[in-house]
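The block underneath contains the structure these notes are about, expressed in structure tokens.
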Protein chains: 2
Amino acid sequence: MVTKHTSEPFTFCDAMTQGQDRLAREVLESITARWSLSVLRVLAEAHGPLRFSRVLERVEGISQKALTHTLRTLERDGLLTRTLYPQVPPRVEYELTTLGRDLSVPVASLWRWIAGRLEEFAAAQALQRQS
Amino acid sequence: MVTKHTSEPFTFCDAMTQGQDRLAREVLESITARWSLSVLRVLAEAHGPLRFSRVLERVEGISQKALTHTLRTLERDGLLTRTLYPQVPPRVEYELTTLGRDLSVPVASLWRWIAGRLEEFAAAQALQRQS
DNA sequence: CCGAATCCAATTGGATACTG
DNA sequence: CAGTATCCAATTGGATTCGG
């Protein structure tokens with residue numbers, strides 16, 4: 001699959017089959033879901049595996065249920081691995097995959113694009129509140 | 001505000017105040033919300049203003065309520081403009097701003113990053129379903 | 001025509017209790 | 001310890017109706 005580049009923006013979807021488009025959207029959603037970036041960040045900063053409880057502590061405001069769901073989704077998409085050590089009490093460790101680590105590059109780009117235009121966004125919102 | 005670049009990924013949040021971080025997240029959310037990309041795309045391809053009904057027709061599967069909400073959010077963030085022509089019956093036109101048009105660049109980057117790794121994502125998901 | 005308002009179904013999310 | 005299960009509150013989303 002090769003993405004055609006034309007003068008038209010947003011054409012990047014066109015070269016995909018319906019299944020590919022669906023998968024790509026799924027991944028995009030899991031990346032941009034409520035808690036994903038925070039969890040990815042915590043794991044990136046850990047430079048190694050982290051137990052469930054440690055992640056729970058470091059992601060401010062997340063509930064245990066939401067964390068479980070977020071981790072499962074990111075695992076499903078191959079961004080992190082889940083390793084269960086069958087001990088009593090059990091130990092479960094989460095760690096970024098190479099894919100998960102590489103992700104920070106394009107995500108950081110988008111983030112910086114937004115960060116570089118914060119004044120424009122703030123101005124737009126301020127204008128909006130007037131009318 | 002200057003974003004510090006270190007070897008650490010995800011540090012791009014650090015140089016922001018809490019208010020800036022909140023705003024950036026708000027924008028990121030509005031961009032990645034359910035229908036935003038489709039709406040932005042339709043407007044980008046229009047090369048000009050588009051009436052509410054025309055957008056509604058071209059975004060497959062969206063409800064009128066969801067479209068109204070999406071348009072309002074994107075307008076609030078300065079990505080498009082809403083122009084009301086006080087006629088009977090009323091006419092309302094939506095058009096991308098420069099900010100909205102520029103957005104397609106970083107979004108396309110992230111999209112291509114994902115698109116270029118679809119096989120890895122598919123493989124990860126396949127593996128997942130086994131266990 | 002545009003969209004606000006209303007109603008209702010379905011999904012989400014937190015809190016708590018429980019288990020291997 | 002790391003969840004799953006359950007209950008419940010709050011939010012979301014579609015369908016429909018109504019109004020300027």
Side-chain angles (χ1 to χ4, degrees), chain A residues 22 25-26 28-40 42-43 46 48-77 79-96 128-129 131, chain B residues 22 25-26 28-40 42-43 46 48-77 79-96 128-129 131:
Chain A
R22 214 186 130 280
R25 281 172 192 280
E26 214 171 280
L28 183 63
E29 272 188 37
S30 85
I31 289 171
T32 58
R34 178 81 198 277
W35 296 104
S36 296
L37 279 187
S38 305
V39 169
L40 289 171
V42 162
L43 288 175
L50 224 49
R51 300 185 64 159
F52 184 85
S53 323
R54 301 292 82 73
V55 183
L56 189 59
E57 289 165 4
R58 296 177 199 191
V59 179
E60 194 177 3
I62 197 173
S63 71
Q64 177 263 17
K65 187 175 169 181
L67 179 57
T68 299
H69 178 253
T70 303
L71 288 169
R72 287 287 201 274
T73 304
L74 294 174
E75 185 200 7
R76 183 205 61 186
D77 289 344
L79 297 169
L80 55 81
T81 59
R82 176 179 183 273
T83 312
L84 165 69
Y85 297 91
Q87 312 170 343
V88 179
R91 190 170 103 232
V92 180
E93 290 187 339
Y94 295 90
E95 185 172 18
L96 288 189
Q128 210 61 25
R129 273 188 297 277
S131 47
Chain B
R22 212 185 132 279
R25 281 173 192 282
E26 215 172 278
L28 183 63
E29 272 187 38
S30 86
I31 290 170
T32 59
R34 179 82 197 278
W35 296 104
S36 296
L37 280 189
S38 306
V39 169
L40 288 171
V42 163
L43 287 176
L50 224 49
R51 299 186 64 157
F52 184 85
S53 323
R54 300 293 83 72
V55 183
L56 189 60
E57 289 166 4
R58 297 178 198 191
V59 178
E60 196 176 1
I62 197 171
S63 70
Q64 176 262 14
K65 188 176 168 180
L67 178 56
T68 299
H69 178 254
T70 303
L71 288 169
R72 287 289 200 271
T73 304
L74 295 174
E75 184 199 8
R76 184 204 61 188
D77 289 345
L79 297 169
L80 55 82
T81 58
R82 175 179 184 274
T83 310
L84 165 68
Y85 297 91
Q87 311 171 342
V88 179
R91 189 171 104 233
V92 181
E93 292 187 339
Y94 296 90
E95 185 171 19
L96 288 190
Q128 209 60 23
R129 273 190 295 277
S131 48

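Note on naming: letters A, B, ... go to the chains in the order of the sequence lines (proteins, then strands), and numbering restarts at 1 for each one.
Of the candidate nucleotides D:dC1, D:dG14, D:dG3, D:dG14 has the atom nearest to the side chain of B:A66. Looking at the side chain of B:T68, the nearest of the listed nucleotides C:dC1, C:dG3, C:dG20 is C:dG3. Among D:dG14, C:dG3, D:dG3, the nucleotide with an atom closest to any side-chain atom of A:F52 is D:dG3.
Taking atom CG on A:L84 and atom P on C:dG20, their separation rounds to 15 Å, with Å as the unit. What separates CD1 of A:I62 from C1' of D:dG3 is a distance of 14 Å, to the nearest Å. D:dT11 atom P lies 13 Å from atom NE2 of B:H69, rounded to whole Å. Between the CD atom of A:E93 and the P atom of D:dG3 there is a distance of 11 Å, given to the nearest Å. When rounded to the nearest whole Å, the span between CG of B:L67 and P of D:dG14 equals 11 Å. Rounded to whole Å, the distance from CH2 on A:W35 to C1' on C:dG13 is 10 Å.
Here the side chain of A:T68 pairs a donor or acceptor atom with the backbone of A:Q64 at under 3.5 angstrom. Using a distance-only test at 3.5 Å, with no hydrogens or angles considered, no donor-acceptor pair links the side chain of B:S36 to the main chain of B:T32.
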Run the salt bridge (Lys or Arg N to Asp or Glu O under 4.0 Å) check on B:R25 and B:E29 step by step: do they pass? CA-CA 6 Å; B:R25 281 173 192 282; B:E29 272 187 38; over 6 Å; no
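Contact annotation: B:R54 does not reach the phosphate of C:dC1 (side-chain N/O to OP1 or OP2, under 4.0 Å). For the pair A:R91 and D:dG3, the criterion of a side-chain N or O lying under 4.0 Å from OP1 or OP2 is not met. Contact between the side-chain N/O atoms of B:R51 and the OP1/OP2 oxygens of C:dG3 is not found at any separation under 4.0 Å. The side chain of B:Y94 places an N or O atom within less than 4.0 Å of a non-bridging phosphate oxygen (OP1 or OP2) of C:dG3.
Mapping A:K65 and A:L71 onto DNA chain D by nearest heavy atom places A:L71 at the nucleotide closer to the 5' end. Position along DNA chain C of the nearest nucleotide to A:R34 versus A:P89 favours A:R34 as the more 5'-ward residue.
Here the closest non-hydrogen pair linking B:L84 and B:P86 is O-CD, 3.5 Å.
Counting atom types as modelled, A:Q64 pairs a side-chain N or O with a base atom of D:dG3 as donor and acceptor under 3.5 Å.
Counted within 6.0 Å of CD on B:Q87, heavy atoms from surrounding residues, nucleotides or ligands total more than 12; the atom is thus considered enclosed.
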